[in-house]
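Read the structure below first, then the notes.
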Amino acid sequence: MKPSRLPLDWFACGLMFVLCICWGFQQVAIKLTLDDVPSILQLAIRSGGAALVLGALVLWKEGRGAFTDGTLLPGIAVGTLFALEFLFIGEGLNHTSASHLSVFLYTAPMFAALGLHLMLPEERLSPVQWLGVLVAFGGIATAFLGQPAGAPGNVLLGDAYALCGALAWGATTLVIRGSSLSEANPVKTLFYQLFGAVLLLTVVAFSTGKTDMQLTQRAVISLAFQVVVIALVSYLAWFWLLRRYLATRLSVLSFMTPLFGVTFGVLVLGETIDTSFAIGATLVLGGIALVSGAELLRGRQQRKVLAPSEA
C-alpha cells in the first residue's frame, strides 16, 4: 500500500515559496542574456547539463535495464512535448515580455484539467472548476484583445507562443498521468523530458543558425542558475514534494510563480504592465486557482461533514 500524502507543513510551504521565486525568475534570467546567448540555445544548454546528471543517476540506480521497464515510449512522448514547450518559451521570449510569458504559460493546469476531464472519470470537472475555466478564458481574451493600439504586433505573437507552451505542458501532464510514467521514478521521468528537450532544441538551434554565443560573466551566471538551480535542484525538489505532500495543496501554492514572474519582469527588466493585461492576468490566475483549488475546497467541506460522526 502506498503511503498517504501529507498535508502541507511549514517546511513544505517554505520550500514552495523558494521554488516559486526561482521559477518566477527563470524567464527573466533568459531574457537578461538574449544578447549573449540565443534563447533556444540557452534552453538546450540548460536541458543538456541537467540531463547528463540525471541520466547518470538513473543508470547508477537501475543499471542497463533502466529503459526496458515499459516507460521508453511514453518517455519519448513526454520528451517531445517538453521540448516543444521549451521551444515555444524560447520563441515567445524573443517577442513578448517575461511578465506576459509567465502568466500565459501558467494556464497549463487549466488545459491539463480539461484533458483529464475527458480521460479519467475521477477527474471530472465540478461546476466551480468549469466556472474557473470560463473565467480564465475570459482573462486570456481580455489580455489579448485589450492590447494598446501602439503595442507592437509581435507581442501578440509572443503571447500566442506562451499559450502554445502551456498546451504542450498540459499535454505532458496527460501523458504522464495516463502511462507507466505515473508510477516511474521521478528522476527518470525528468530525465526523459530534459533529454528530449536537449535533442530537439539543439537541432533547432543549429538548423536556424542560432548558435552564436558570448560567454560573458552575465551569461555564465545565468546558465549556471538555469542548469543547477532550475533544471536540477528545483525540479527534483518539486517531484519530492509531490511524492510526499498532497498535490492539490502544492498546485495552489505554485500560482505564486507568475506573480513573482511579473514582479521580477517589472523590477529587473523595467517592463510595463498595461491595464488590459493586468485585468486579464488577474482573471487568468483567479480562474486557474478555481480549477486547481476546487479539490482542496471540496476536501475541507467533506471533513466538516464527517467531523461530527468522527467525534
Quiz item: Counting N and O atoms only, with roles assigned by atom type, does the side chain of E271 sit under 3.5 Å from a partner on the main chain of A98, one being a donor and the other an acceptor?
Solution: yes

Quiz prompt | pair D35-T216: side-chain heavy atoms closer than 4.5 Å | solution = no

Could you go through residues 220-228 and list every donor-acceptor pair under 3.5 Å that involves a side-chain atom there, pairing it with any protein atom two or more places apart or in another chain?
from : atom 1 : to   : atom 2 : distance (Å)
S222 : OG     : A29  : O      : 3.0
S222 : OG     : Q226 : NE2    : 3.0
Q226 : NE2    : Q42  : OE1    : 2.9

Quiz item: Rounded to the nearest 0.5 Å, how far does CG of L32 lie from CD of Q27?
Solution: 11.5 Å

Self-check item: Pair listing, salt bridge (Lys or Arg N to Asp or Glu O under 4.0 Å) test, anchored in residues 75-99, at least two apart
Solution: E91-K210

Quiz item: If you measure from CZ on F104 to OG on S99, what distance do you get to the nearest 0.5 Å?
Solution: 11.0 Å

Quiz item: What's the verdict on side chain to side chain contact (heavy atoms under 4.5 Å, CB included) for L241 and M16, showing C-alpha distance, side-chain angles and the deciding distance?
Solution: CA-CA 9 Å; L241 285 169; M16 275 302 302; 3.7 Å; yes

Quiz item: Got L269 and F264 here, is their nearest side-chain heavy-atom distance under 4.5 Å?
Solution: no

Quiz item: Taking atom CE of M213 as the centre, does the number of heavy atoms from other residues, nucleotides or ligands within less than 6.0 Å exceed 12?
Solution: no

Practice problem: May I have the step-by-step check of side chain to side chain contact (heavy atoms under 4.5 Å, CB included) for V266 and I273, ending in yes or no? | Solution: CA-CA 8 Å; V266 172; I273 304 298; 3.8 Å; yes

Quiz item: Short question: side chain of T96, backbone of G92 - any donor-acceptor pair under 3.5 Å?
Solution: no

Exercise. Using the rule that two of Ile, Leu, Val, Met, Phe, Trp, Tyr join whenever any of their side-chain heavy atoms come within less than 4.5 Å, decide whether I89 and V229 are in one cluster.
Key: yes

Quiz item: Could you give the distance from OG1 (T107) to CG (L163), rounded to the nearest 0.5 Å?
Solution: 5.0 Å

Could you give the side-chain donor-acceptor pairs of residues 191-202 under 3.5 Å, partners two or more places apart or in another chain?
from : atom 1 : to   : atom 2 : distance (Å)
Y192 : OH     : T71  : OG1    : 2.8
T202 : OG1    : V198 : O      : 2.5

Quiz prompt | Cluster overlap F277 with L156, hydrophobic side-chain contacts below 4.5 Å | solution = yes

Quiz item: With the 4.5 Å side-chain cut-off for hydrophobic clustering, are L52 and V203 part of the same group?
Solution: no

Quiz item: When the aromatic ring centroids of F111 and W169 are compared, is their separation below 6.0 Å?
Solution: no

Quiz item: Rounded to the nearest 0.5 Å, how far apart are CZ of F82 and CG of L190?
Solution: 6.5 Å

Self-check item: Side-chain donor or acceptor of K31 paired with backbone N/O of L93 under 3.5 Å
Solution: yes

Exercise. Decide side chain to side chain contact (heavy atoms under 4.5 Å, CB included) for V155 and H95; before the verdict, give the C-alpha distance in whole Å, the side-chain angles of both, and the deciding distance to 0.1 Å.
Key: CA-CA 5 Å; V155 171; H95 299 288; over 6 Å; no

Self-check item: Rounded distance (nearest 0.5 Å) linking atom CG of D159 with atom CG of L105
Solution: 11.5 Å

Quiz item: Which pair of non-hydrogen atoms, one from L181 and one from G75, has the smallest distance, and what is that distance?
Solution: CD1-N, 3.9 Å

Quiz item: Could you state the interatomic distance from NZ (K188) to CG (L72), rounded to the nearest 0.5 Å?
Solution: 9.5 Å

Exercise. Examine distances only and state if a side-chain atom of T33 and a backbone atom of A219 form a donor-acceptor pair shorter than 3.5 Å.
Key: no

Quiz item: Are L215 and L41 connected in a single hydrophobic cluster, I mean Ile/Leu/Val/Met/Phe/Trp/Tyr linked by side-chain heavy atoms less than 4.5 Å apart?
Solution: yes

Quiz item: Which heavy atom of A108 sits nearest a heavy atom of A166, and at what distance?
Solution: CB-O, 3.4 Å

Quiz item: Can you name the closest pair of heavy atoms from V175 and P74 and give their distance?
Solution: CG1-O, 4.0 Å

Exercise. Answer whether the closest heavy-atom distance between the side chains of T189 and Y235 falls below 4.5 Å.
Key: no

Quiz item: Can you list the steps and then say if D69 with E62 is a side chain to side chain contact (heavy atoms under 4.5 Å, CB included)?
Solution: CA-CA 10 Å; D69 59 353; E62 301 185 32; 4.2 Å; yes

Practice problem: Please report the shortest heavy-atom distance between P258 and S102, naming the atom on each side. | Solution: CB-O, 3.7 Å

Quiz item: Looking only at heavy atoms, which two atoms of I40 and G90 are closest? And how far apart?
Solution: CD1-CA, 4.0 Å

Quiz prompt | Same apolar cluster: I230 and V18, side chain cutoff 4.5 Å | solution = no

Quiz item: For L236 and V187, which heavy atoms make the closest approach, and how far apart are they?
Solution: CD2-CG2, 3.8 Å

